[in-house]
Amino acid sequence: MKSWAQRIGVSQPTLMRMEKGDPTVSMAVYATALWLMGRDTALPELAAPEHDRGALEQAVRVAKQRAVRKRTTIDERLAAVDAAARASSKHGKGEA
């Protein structure tokens, strides 16, 4: 553990946090570790937005929230139709 931490250039606690997937660990630490293991070619795939499940799930939640409209009751719909009809009849009779 000490050797790996030294090779990556971090402390042992940071290495342990990295191994647990702690999001506060710098991406540079992950990149260095992958490079030392000969897996640095995996970085483009890891960084591809289409593989970011968290971001995709958040985008879906936001889209669903935007798509939800407040349901109106039949009384509210009828009141809106009546109001539109009254406004239309006032303008049609020359009233302001």
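Predicted model only: the values in this text are computed from it and were never measured.
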Hydrophobic clusters here meaning ILVMFWY residues chained together by side-chain heavy-atom distances under 4.5 Å, can you tell me if [X] and [Y] are in one?
| X | Y | result |
| --- | --- | --- |
| Met37 | Tyr30 | yes |
| Leu56 | Val60 | no |
| Val10 | Met1 | yes |

Distance from Trp4 atom CH2 to Met18 atom CE, nearest 0.5 Å?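 Between Trp4 CH2 and Met18 CE, I get 8.0 Å after rounding to 0.5 Å.
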Kindly compute the distance separating CE (Met27) from CG (Leu43), expressed to the nearest 0.5 Å.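 Nearest 0.5 Å value for the CE-CG distance: 5.5 Å.
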Using the test salt bridge (Lys or Arg N to Asp or Glu O under 4.0 Å), find all partners of Arg17 that sit at least two apart in sequence or belong to another chain.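 Expected list: Asp22.
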Please collect all side chain to side chain donor-acceptor pair (under 3.5 Å) contacts where either partner lies in residues 52-61, sequence neighbours excluded, each pair once.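 Only Gln58-Arg61 qualify under side chain to side chain donor-acceptor pair (under 3.5 Å).
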Nearest non-hydrogen partners of Ile8 and Ala33, listed with the distance: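 The answer is CD1-CB, 3.8 Å.
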Over all heavy atoms of both residues, which pair between Val25 and Thr14 is shortest? Give the atoms and the distance, please.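 Heavy atoms only, the tightest pair is CG2-O, 4.1 Å.
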